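As the structure is a prediction and not an experimental result, all values here were calculated from the model. Because only heavy atoms are used, hydrogens play no part in the values below, and waters and symmetry mates are left out as well, while side chains stay in.
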Number of protein chains: 2
Amino acid sequence: MNMKRPRRPLTLRDVSEASGVSEMTVSRVLRNRGDVSAATREKVLTAARTLGYVPNKIAGGLASQRVNLVAVVIPSLSNMVFPDVLGGISAELDDTGLQPVVGVTNYSPSREDAVLYDMLSWRPSGVILAGLEHSRAARAMLDNAGLPVVEIMDVDGEPIDTAVGISHRRAGAEMADEILAAGYRRIGFIGTHMPEDHRARKRLAGFEERLGEHGLQLAAREYYQGGSSLHKGRELTERILTREPDLDFLYFSNDMIGAGGLLWCMEKGYDIPGRLGLAGFNGVELLDGLPMRLTTTDARRIDIGRRAARIVAGKEPRPESGIIALAPTIMPGETIRKH
Amino acid sequence: MNMKRPRRPLTLRDVSEASGVSEMTVSRVLRNRGDVSAATREKVLTAARTLGYVPNKIAGGLASQRVNLVAVVIPSLSNMVFPDVLGGISAELDDTGLQPVVGVTNYSPSREDAVLYDMLSWRPSGVILAGLEHSRAARAMLDNAGLPVVEIMDVDGEPIDTAVGISHRRAGAEMADEILAAGYRRIGFIGTHMPEDHRARKRLAGFEERLGEHGLQLAAREYYQGGSSLHKGRELTERILTREPDLDFLYFSNDMIGAGGLLWCMEKGYDIPGRLGLAGFNGVELLDGLPMRLTTTDARRIDIGRRAARIVAGKEPRPESGIIALAPTIMPGETIRKH
DNA sequence: GCGGGACACGATAACGGTAACATGATTGCG
DNA sequence: CGCAATCATGTTACCGTTATCGTGTCCCGC
């Protein structure tokens, strides 16, 4: 089609010359803004199309002082947590002209600072970031930036601007209630050893606190490093049950290792949920196909993404308190006995 | 710390005034470019820090005509394929100052055009996109943009600029070889019905072609719509085996449904791999913890990401042919009998 | 003691758009 | 039929940074 390789990049000027109108008019046509007659609109559009012109948002953003990006800063991609949250965000952003841009911190505060700095240097229209714990530097940056900031996933703490999430303390406590009501008493915990995973920490704290209120405490715990996998779930389950064979319940800090543990226990012929009960956290689709449905807590990931997006997009007002707390809901499954 | 809420956003000028040097010098300090004395460097840095200044890449990009972004355009996030590829890309981009920005097309050509248009409007330094099949418009845009374009995952076709991937035809054919060598003869296929998933299509084509060379053809096939899950794997496996009970092998178009099928078959007490063999595609970590290791093909996702990133970053020259074909490698597992 | 590099920094002009206002042509209405 | 409102387009001045070139100072060797 194009015979010539355009060595000089195309600009509005090229389109304007090709269609015989001013650059301003071309700009208006391309953005559907202001009055332009149907005739010139057509002329401009065909000119732009045949030239293969693509607008320059760098220049546009500078001139208009507006950038249609929303920075989304999250700890990890491999976690099954992420795609759901992002799904909710993009679904809600779709009709707003805003576009999410993702940055990953790997649970490292210094990486978070760096990613945030980088994102803010693009002058986005808003920021969505995971967690309520941020460095002093990060808080300062966000304060200075003067744009909507929504912290997601967690509501146990003091938001910079707005928070949308669940209370992980409550999620832990409610699962403890469930387990205790079913009559389990010798409870073990398996989770990641990540000082920076504040949500997992709070969940466990809420869980233990509730046990305490009933005069109980964890009978055993097992920590692991690095990512979660079925394999690791098996390994740790074997380890904890070898060490403490008379545990009657295992609480896993996420569904992936919970599923691994479940598979291992089934192979070993444990009576589940009679002799041994199991529960995870998250509510991931993966669990749907397992031989037995693992009991878990729905972390409301999609809803969290949606509400956060609605707020940065201005579809929904920031609540007075700055906090939107969704209710974590237990998904019964088959790995806790009925009571 | 900051007592005043700065209503006017900070610019280089603010830092320059606060540190008593010109904006140009501040710019030099912040980018480590050109000669600046240690003394003024220090002055400027502290001024920038205390003000909380964050550079404006919109303005910087316009002035320098350089943007440190690499557009990454892929069909899906939920696929287990994606995080690995992106992991390879960011690992290799990390020390280059380049940053990946991800766009998702949901296997829709028109979405791909839109996403590409959007990405190119940020004038990135390079583009990495999945697949070799693109609309005429997309090819034109990429031709015009005059930047490195690397098409990934697949090498069965004509690249626009450079392609890094595996031959899916070959991957299918080699799995067929493996299955036939083990003596299986009544083979069924389970896969997504997605005309736009060209890689799955080519894999199946290579597979069937090889069967044909041995005078065989697929004894049954089952297609599904939408995303892959363990659950769907179970469902389809049940369906195909009910319909054609004497199949002795099932080839799944990905590991997730393969794993679902495997779990179902094990529950039903099938003798695997004796009576029935199974194989998937991808080589995902998930398989590690299953009761039995599913035979699969490693699609070399991390390597593909790395090589693609190396090329857009200029760490590695574009090959003469424009094609870098990695070898898909079969990961034996336990669901095919030894031969 | 003088010419000429380094060195450290500043002034100026882009970069490619858009906001805001200005302008000429048309239209509607009393 | 005249005047104001409306419509379609153009003009001008930035937006915040960087490339390029220019300027002044210091130091070194002959």
Side-chain angles (χ1 to χ4, degrees), chain A residues 6 8-45 47-48 51 53-68 97 118 120-125 144-146, chain B residues 6-45 47-48 51-68 97 118 120-125 144-146:
Chain A
R8 191 180 42 72
L10 292 169
T11 74
L12 269 192
R13 153 148 261 115
D14 297 295
V15 183
S16 109
E17 283 170 359
S19 51
V21 299
S22 73
E23 305 172 35
M24 196 58 232
T25 301
V26 176
S27 171
R28 280 196 267 252
V29 170
L30 264 28
R31 290 176 301 144
N32 290 320
R33 219 162 296 261
D35 307 310
V36 184
S37 73
T40 48
R41 163 181 306 280
E42 224 30 66
K43 255 194 319 193
V44 169
L45 283 179
L51 286 175
Y53 174 75
V54 177
N56 184 333
K57 288 201 179 166
I58 299 281
L62 182 61
S64 66
Q65 300 287 65
R66 262 183 289 97
V67 173
N68 69 336
D118 232 69
L120 289 179
S121 73
W122 290 106
R123 300 292 187 267
S125 300
N144 275 358
Chain B
R7 269 300 142 254
R8 190 180 41 73
L10 292 169
T11 73
L12 270 189
R13 151 148 263 117
D14 296 295
V15 182
S16 110
E17 282 170 0
S19 53
V21 298
S22 73
E23 306 171 34
M24 196 57 232
T25 300
V26 176
S27 171
R28 281 196 266 252
V29 169
L30 264 27
R31 289 176 299 142
N32 291 319
R33 222 165 293 267
D35 306 312
V36 185
S37 74
T40 47
R41 162 180 308 278
E42 221 34 62
K43 255 192 323 194
V44 169
L45 284 178
L51 287 175
Y53 173 74
V54 177
N56 184 331
K57 287 200 180 168
I58 299 280
L62 181 60
S64 66
Q65 300 285 69
R66 261 181 287 100
V67 173
N68 69 336
D118 231 69
L120 289 179
S121 74
W122 290 106
R123 301 290 188 267
S125 300
N144 274 359

Closer than 4.0 Å, any side-chain N/O of A:Gln65 to the OP1 or OP2 of D:dG16?
yes
Rounded to whole Å, how long is the line connecting atom CD of A:Glu23 with atom P of C:dG16?
11 Å
Atom CG of A:Leu10 and atom C1' of C:dG17: how far apart are they, to the nearest Å?
15 Å
Determine the contact category for A:Asp35: base if any of its heavy atoms lies under 4.0 Å from a base atom, sugar-phosphate if only primed atoms, P, OP1 or OP2 are that close, otherwise nothing.
base
When rounded to the nearest 0.5 angstrom, what distance separates OH in A:Tyr53 from OG in A:Ser19?
11.5 Å
Would you say that more than 12 heavy atoms from the other residues, nucleotides or ligands in this model lie under 6.0 Å from the CZ of B:Arg31, or not?
yes
d(A:Asn144 CG, B:Leu10 CG) to nearest 0.5 Å is 6.0 Å
For C:dC9, does either OP1 or OP2 sit under 4.0 Å from a side-chain N or O belonging to B:Ser37?
yes
Please tell me which of B:Val36 and B:Ala63 maps to the more 5' nucleotide of DNA chain C, matching each residue to the nucleotide holding its nearest heavy atom.
B:Val36
Is there a side-chain contact between B:Thr25 and the phosphate of C:dG10, meaning an N or O under 4.0 Å from OP1 or OP2?
yes
For B:Arg28, is there an ion pair with B:Asp35 - N to carboxylate O distance below 4.0 angstrom?
no
Just the rounded figure in Å: distance from P of D:dC7 to CZ of A:Arg33.
18 Å
What integer distance in Å separates A:Ile58:CD1 from D:dT18:P?
13 Å
Would you kindly give the CE-to-P distance between B:Met24 and D:dG22, to the nearest whole Å?
16 Å
Check the distance between C:dG16's C1' and A:Asp14's CG and give it to me in whole angstrom.
11 Å
Measure the distance from CZ on A:Arg31 to C1' on C:dG16 and round it to the nearest whole Å.
12 Å
Between A:Ser64 (side chain) and A:Gly60 (backbone), is there a donor-acceptor pair under 3.5 Å?
yes
Do B:Arg28 and C:dG10 share a donor-acceptor pair, side chain to base, under 3.5 Å?
yes
Donor-acceptor pair between B:Arg41 and B:Ser37 side chains, under 3.5 angstrom:
no
Per nearest nucleotide of DNA chain C, the residue lying toward the 5' end, A:Val26 or B:Gly20, is B:Gly20
Across the strands shown, which category fits A:Arg41 at heavy-atom distances under 4.0 angstrom: base, sugar-phosphate, nothing?
nothing
Check whether any side-chain nitrogen or oxygen of B:Ser64 sits under 4.0 Å from OP1 or OP2 of C:dC15, and answer yes or no.
no
Would you say A:Arg66 places a side-chain N or O within less than 4.0 Å of OP1 or OP2 belonging to C:dA19?
yes
Check whether any side-chain nitrogen or oxygen of B:Thr40 sits under 4.0 Å from OP1 or OP2 of C:dC9, and answer yes or no.
yes
Return no unless some side-chain N or O of A:Tyr53 is found under 4.0 Å from OP1 or OP2 of C:dG17.
yes
Roughly, in whole Å, what's the span from CZ in A:Arg13 to P in C:dA14?
13 Å
Taking D:dA19, C:dT18, D:dT17 as options, the one with an atom nearest any side-chain atom of A:Leu12 is C:dT18
Considering only D:dG10, D:dC15, D:dT17, which nucleotide approaches the side chain of B:Asn56 most closely?
D:dT17
